[in-house]
Amino acid sequence: MPLLPLGPFPSDAGYATAVALDEADPLRCFRAEFATPDPNLIYLDGNSLGRLPNATIDRLAGVVADEWGDELIRSWPNRWWDLADKVGGQIAPLIGAAADDVIVTDSTSVVLFKLIMGALQIRQGPKQIVTDDLNFPTDLYVADGVARLLGDTEVTVVNTERADPTEAVVAAIDSTTTLVTLSHVAFKSGYLYDMERITSAAHDAGALVLWDLSHSVGVVPIDLRGCAADMAAGCTYKYLNGGPGSPAFLYVAPSLQLDNPLSGWWGHRDPFAFTGEYEPDASIRRFQTGTMPILSLSAIEPSVALVRKAGVVAIRRKSTALTEFFIELCDRLLEPLGFLLASPRDPNRRGSHVSLQHADGWRITQALIDQGQVIPDFRAPDNIRFGFAPLYTSFVDVHTTALRIVELLAAGIPLQYSAGRGSVS
Ligand SMILES: *Cc1c(COP(=O)(O)O)cnc(C)c1O
């Protein structure tokens, strides 16, 4: 495949701006903390799978060789047994929670099941879950699955197409609502919910709230305690860079008496008594079920340390600047080529990725990955998502991406690709 000229593109007026923004960027030194075997690759999919921190390579090598290889089962009491609590405590300040109220366990989907089922089991009689059409599919599938199990639960999926999503959800909450569950940042458009407003509207109606923080943790400041949120869940492999399939985190407000519906020995008050009766631990550990994936769990620590060192406020400031700069370039260079901004224009209502719609979106995505040395991702039917991870995305990356799209289209390269969509991206 012929490669395009790789840029950067100093002849464009935006280049000088990008260089100046990079020079003034207080987080620019963090890029060197990540493995970049191909320095020409522009990686804009950190909202789906974050890059590998260099420190994680050493940590995993140590866990494998020393803790598993050498120490063997002695590592359970010495190092592994409390690791999920410890990592939960490290994530806690990123979400405005106390260390004791967060634990890492399972996948986000399983954690969502535990929290939704647990929350609905508190209530007697008919129940209603309010969610929305911006939510990630697994969140909706889990809510549906819980409704099927309980038999007396209705799932209302709010249509947000024609209204401000926050207002549409607030309007759908009423006295019949038991639980409101939403993604803080929507995976497709990047819309950022007003957490405080939704949480207080739900509480006014007597409902509980569960926030999925998968697309906001590590990149948007979150204050679960400040807005009295009841429950939260989220991935550790997106902006927290924990690695493929790293376990999820779970938060339950200390005032909420919630049981783990997937009771297992890891949530038992005294697991090594091996008794036949389940007695839940009083702490957040009761939300564990079975043996933790120690290798994946260990990979989270060094990456969360990087996010905490940079600070979420500084990360958010750069994230907003990156998305604003990209949108400016889109307006000037990409809109005339048939791209439509599919993310909120208001930076206060936007997470850290920007979606562009284009009739040829899938072909353009393939051409960018294959010949443009830029990795975004694609969400059907016509959304190209550009994820900006402030710890390793530069302003020159953003500028180069926009100019490479212009060049690809000018050379007709996307037309070389099939219009039919592939499997995983
Ligand atoms: C990425 C993501 C998930 C993924 O769930 P897993 O169980 O980890 O596969 C769930 N919900 C949201 C909102 C996500 O963005």
Side-chain angles (χ1 to χ4, degrees), residues 44-51 84 87-88 91 94-95 103-117 129-146 155 157-158 160 165 169 179-193 195 198 209-220 222 224 229 231-251 262 287-290 292-293 296-297 299-300 303 319 343 350-355 376-380 383 385-389 423-425:
L44 300 182
D45 215 357
N47 56 316
S48 201
L49 175 66
R51 269 193 187 274
V87 178
I91 293 171
L94 304 177
I95 59 176
I103 195 151
V104 174
T105 188
D106 308 302
S107 65
T108 303
S109 304
V110 173
V111 162
L112 288 168
F113 175 83
K114 288 177 171 180
L115 294 176
I116 295 175
M117 190 74 179
I129 301 172
V130 169
T131 182
D132 71 342
D133 55 4
L134 302 176
N135 214 342
F136 192 82
T138 209
D139 299 54
L140 302 177
Y141 304 160
V142 169
D144 275 342
V146 169
V155 181
V157 181
V158 177
T160 59
V169 170
L179 173 72
V180 179
T181 179
L182 298 167
S183 290
H184 188 205
V185 169
F187 80 104
K188 230 186 237 184
S189 67
Y191 177 81
L192 169 63
Y193 268 104
M195 183 182 281
I198 300 263
V209 186
L210 163 58
W211 287 103
D212 187 329
L213 307 175
S214 292
H215 269 84
S216 56
V217 66
V219 79
V220 175
I222 296 163
L224 291 174
M231 296 164 284
C235 297
T236 57
Y237 52 78
K238 291 172 179 171
Y239 295 107
L240 292 186
N241 312 307
S246 58
F249 63 87
L250 170 155
Y251 165 84
L262 274 178
F287 284 97
Q288 294 185 113
T289 299
M292 288 297 304
S296 289
L297 183 57
I300 303 172
S303 56
S319 156
S343 293
R350 189 171 69 230
S352 202
H353 66 277
V354 173
S355 282
D377 70 19
F378 181 76
R379 290 295 175 261
N383 268 269
R385 290 193 313 177
F386 299 87
F388 302 103
S423 51
V424 181
S425 66

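For ligands, and for the atoms within them, numbers begin at 1 and follow the listed sequence. When a residue number appears, it is its place in the shown sequence, counting from 1.
Ile300 has its side chain within reach of Pro247: a pair of non-hydrogen atoms, C-beta onward, lies under 4.5 Å apart. Contact check for Pro165 versus Tyr193: side-chain heavy atoms found under the 4.5 Å cut-off.
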Got a list of side-chain donor-acceptor pairs under 3.5 Å for residues 183-191, not counting sequence neighbours?
from   : atom 1 : to     : atom 2 : distance (Å)
Ser183 : OG     : Asn135 : OD1    : 2.6
His184 : ND1    : Ser216 : OG     : 2.8
Lys188 : NZ     : Ala380 : O      : 2.9
Ser189 : OG     : Tyr191 : N      : 3.1
Tyr191 : OH     : Asp164 : OD1    : 3.3
Tyr191 : OH     : Thr166 : N      : 3.2
Tyr191 : OH     : Thr166 : OG1    : 2.6

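The side chain to side chain contact (heavy atoms under 4.5 Å, CB included) test with Thr131 singles out one residue from Val180, Val157, Asp139, and that residue is Val157.
Judged purely by atom type and a 3.5 angstrom limit, Asn383 has no side-chain atom pairing as donor or acceptor with the backbone of Arg385. Counting only distance, with no hydrogens or angles, the side chain of Asp132 and the backbone of Val158 share no donor-acceptor pair below 3.5 Å.
For ligand 1, residues of the protein lying within 4.0 angstrom by heavy-atom distance are Ser107, Thr108, Ser109, Phe136, Thr138, Asp139, Ser183, Asp212, Ser214, His215, Cys235, Tyr237, Lys238.
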